[in-house]
A.B. asks: 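Mind having a look at this structure? Questions to follow.
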Amino acid sequence: MAVYTQVSAETLEEFLAEYDVGTLRSAKGIAEGVENTNYFVETSQARFILTLYEKRVDVADLPYFLSLTAHLAEKGLPVPAPIEDRRGRALQDLCGRKACLIEFLSGVSVDEPGVRHAQAAGQMLAEMHLSAADFADRRPNDLSVAGWQALHHELEGELGGISPGLDRLVGDELRHLAACWPQHLLAGTVHADLFADNVLFSGDRISGVIDFYFACTDLLAYDLAVTHAAWAFDGDGAARPELGEALVAGYQAVRPLSEDELGALPDLCRGAALRFLLTRAYDWINTPPTALVTRKDPLAFARRLEHYRAA
Ligand SMILES: Nc1ncnc2c1ncn2[C@@H]1O[C@H](COP(=O)(O)OP(=O)(O)O)[C@@H](O)[C@H]1O
Ligand SMILES: N[C@@H](CCOP(=O)(O)O)C(=O)O
């Protein structure tokens with residue numbers, strides 16, 4: 001459930017009156033998602049998503065995220081463009097939150113992706129990397145090695161409560177990654193959270209890429225590693241190598257990886273698995289049982305990490 005902030009029909013009508021988008025026909029809260037409040041809005045002219053940014057999004061980052069999606073949409077990628085009101089403003093204040101009216105993209109996310117989905121996801125990721133090459137804004141990745149160390153420090157002593165040995169696994173892995181994390185690979189603008197629930201498909205074709213709220217400036221190959229950790233395993237965490245291969249092949253069909261990137265990929269995948277292990281563990285420990293949000297299982301990424309370490 002992700003409708004944290006209620007918007008009445010009257011308030012929404014007033015809000016839409018600032019835009020050239022027609023008049024309100026219907027609005028419905030969207031249950032999927034965890035971070036923000038999302039409404040599906042239909043007007044006499046078109047369909048939209050209305051997002052109200054909740055507490056975990058840093059308001060100072062919003063102009064970066066909105067400029068990036070506008071940039072990619074202008075390049076013709078299926079990325080939801082922020083809609084501007086008559087005065088040219090995309091970022092608004094609504095019901096005590098920052099808010100944005102966003103282009104609606106059709107399609108559905110796939111629960112159990114197949115090889116063709118993974119191949120298309122890899123291709124799309126590379127297309128986004130190329131299309132963002134001239135995007136000038138920068139945002140450091142606060143969830144890279146230093147961020148993982150800080151998270152581990154906060155969680156120390158508590159990880160064992162999730163699973164015995166987890167604290168040791170994370171500590172060992174952090175020491176390894178801090179010592180070998182690549183510094184000189186090609187960097188650029190990355191999505192950093194391209195999980196299957198953020199990719200909309202119409203058949204085998206990608207009709208939408210959403211949720212750019214972890215986007216940042218980091219190694220392009222790390223973004224591929226994040227996508228690998230997200231896509232190349234089944235729901236129980238068992239490896240699906242054919243999906244991983246299809247993903248990397250799709251990526252390389254658009255942007256071939258350098259020798260150095262290929263060589264670094266195993267460690268980058270370990271880092272990606274650790275990143276989601278840590279953020280999920282943080283949420284696991286800090287989300288009160290009464291919260292509306294369903295916590296995601298950190299151990300699914302501990303299993304991925306073990307897989308990458310063994311490989
Ligand atoms: N531009 C869009 N077009 C169509 N559906 C969207 C769009 N943006 C979000 N959604 C829908 O809203 C849901 C939640 O969006 P998401 O950005 O993942 O939320 P959160 O950031 O809270 O996790 C998605 O699963 C999707 O169904
Ligand atoms: N993809 C992350 C969680 C981020 O949540 P999202 O709903 O904003 O994609 C994970 O699976 O841990």
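Order of appearance sets the numbers: ligands from 1, and atoms from 1 within every ligand. Along the sequence shown, residues are numbered consecutively beginning with 1.
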A.B. asks: Measure from atom 7 (C) of ligand 1 to every heavy atom in Leu50, Leu105, Ile49, Thr51 and give the option owning the shortest one.
C.D. replies: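 Shortest heavy-atom distance from atom 7 (C) of ligand 1: Ile49.
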A.B. asks: Looking only at protein heavy atoms, identify the closest one to atom 18 (O) of ligand 1 and say how far it is in Å.
C.D. replies: Asp211 OD2, 3.1 Å
A.B. asks: Does any part of the side chain of Lys296, heavy atoms only, come nearer than 4.5 Å to the side chain of Phe195, both counted from C-beta?
C.D. replies: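 SC-SC contact between Phe195 and Lys296 ruled out.
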A.B. asks: With sequence neighbours excluded, tell me which residues meet side chain to side chain donor-acceptor pair (under 3.5 Å) with Ser202.
C.D. replies: Ser207
A.B. asks: Thr11 side chain to Val7 main-chain N or O, any donor-acceptor pair under 3.5 Å?
C.D. replies: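 Side chain of Thr11 to backbone of Val7, a donor-acceptor pair under 3.5 Å: no, none is there.
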A.B. asks: Please check whether Asn36 reaches ligand 1 - meaning an N/O of the residue sits under 3.5 Å from an N/O of the ligand, judged on distance alone.
C.D. replies: yes
A.B. asks: Measure the CG-CG distance between Leu159 and Leu151 for me, rounded to the nearest 0.5 Å.
C.D. replies: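 That separation rounds to 10.0 Å.
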A.B. asks: I need the Phe104 CZ to Thr43 OG1 distance, nearest 0.5 Å.
C.D. replies: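 Between atom CZ of Phe104 and atom OG1 of Thr43 there are 12.5 Å.
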A.B. asks: With side-chain hydrogen bond (donor to acceptor under 3.5 Å, both in side chains) as the rule and sequence neighbours excluded, what pairs involving residues 192-201 come up?
C.D. replies: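 Output for this query lists Asp193-Asn198.
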A.B. asks: Need the list: ligand 2 N/O atoms against protein N/O atoms, distance under 3.5 Å, rounded to one decimal.
C.D. replies:
residue: ligand 2; atom: 1 (N); partner: Asp193; partner atom: OD1; Å: 2.7
residue: ligand 2; atom: 8 (O); partner: Asp211; partner atom: OD2; Å: 2.8
residue: ligand 2; atom: 9 (O); partner: Asp193; partner atom: OD2; Å: 3.0
residue: ligand 2; atom: 9 (O); partner: Asn198; partner atom: ND2; Å: 3.4
residue: ligand 2; atom: 9 (O); partner: Asp211; partner atom: OD2; Å: 3.2
residue: ligand 2; atom: 11 (O); partner: Arg280; partner atom: NH2; Å: 2.7
residue: ligand 2; atom: 12 (O); partner: Arg280; partner atom: NE; Å: 2.8

A.B. asks: Of the options Leu224, Leu186, Leu220, which is the one that meets Leu257 in a side chain to side chain contact (heavy atoms under 4.5 Å, CB included)?
C.D. replies: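 Only one option passes, and that is Leu224.
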A.B. asks: Enumerate the atoms of ligand 1 whose separation from the nearest heavy atom of Pro80 is less than 4.0 angstrom.
C.D. replies: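 Listed by number with element, the hits are 1 (N).
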A.B. asks: How far is atom 24 (C) of ligand 1 from its nearest protein heavy atom, and which residue and atom name does that atom have?
C.D. replies: Ile210 CD1, 3.7 Å
A.B. asks: Under 3.5 Å between some N or O of ligand 1 and some N or O of Glu35?
C.D. replies: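 Yes; the residue has a nitrogen or oxygen that sits under 3.5 Å from a nitrogen or oxygen of the ligand.
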A.B. asks: Given Leu52, Val3, Ile30, which has its nearest heavy atom closest to atom 11 (C) of ligand 1?
C.D. replies: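 Heavy atom nearest to atom 11 (C) of ligand 1 belongs to Ile30.
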A.B. asks: Sequence neighbours excluded, which residues qualify as side chain to side chain donor-acceptor pair (under 3.5 Å) partners of Lys75?
C.D. replies: Asp134
A.B. asks: So which protein heavy atom does atom 27 (O) of ligand 1 come closest to, and at what separation?
C.D. replies: Glu32 OE1, 4.1 Å
A.B. asks: Counting from 1, what ligand 1 atoms have a heavy atom of Glu103 closer than 4.0 Å?
C.D. replies: 1 (N), 2 (C)
A.B. asks: Can you report which non-hydrogen protein atom sits closest to atom 19 (O) of ligand 1, along with the distance?
C.D. replies: Asn38 ND2, 3.3 Å
A.B. asks: Can you tell whether the side chains of Arg56 and Asp283 come within less than 4.0 Å, N to carboxylate O?
C.D. replies: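 Yes, this pair counts.
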A.B. asks: Considering only heavy atoms of Asn198, which atoms of ligand 1 have at least one such atom less than 4.0 Å away?
C.D. replies: 18 (O)
A.B. asks: Out of the candidates Phe212, Phe135, Tyr213, Phe214, only one should pair with Phe65 under the ring-ring contact (aromatic ring centres under 6.0 Å, His included) rule; please name it.
C.D. replies: Tyr213
A.B. asks: Applying side-chain contact (heavy atoms from CB on, under 4.5 Å) to Asp218 and Asp223, what does each step give before you reach the verdict?
C.D. replies: CA-CA 8 Å; Asp218 205 343; Asp223 210 11; over 6 Å; no
A.B. asks: Can Tyr308 be reached from Val248 by stepping across I, L, V, M, F, W or Y side chains whose heavy atoms are under 4.5 Å apart?
C.D. replies: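 Hydrophobic grouping puts Val248 apart from Tyr308.
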A.B. asks: What protein heavy atom lies closest to atom 23 (O) of ligand 1? Include the residue and the distance to one decimal.
C.D. replies: Val34 N, 3.1 Å
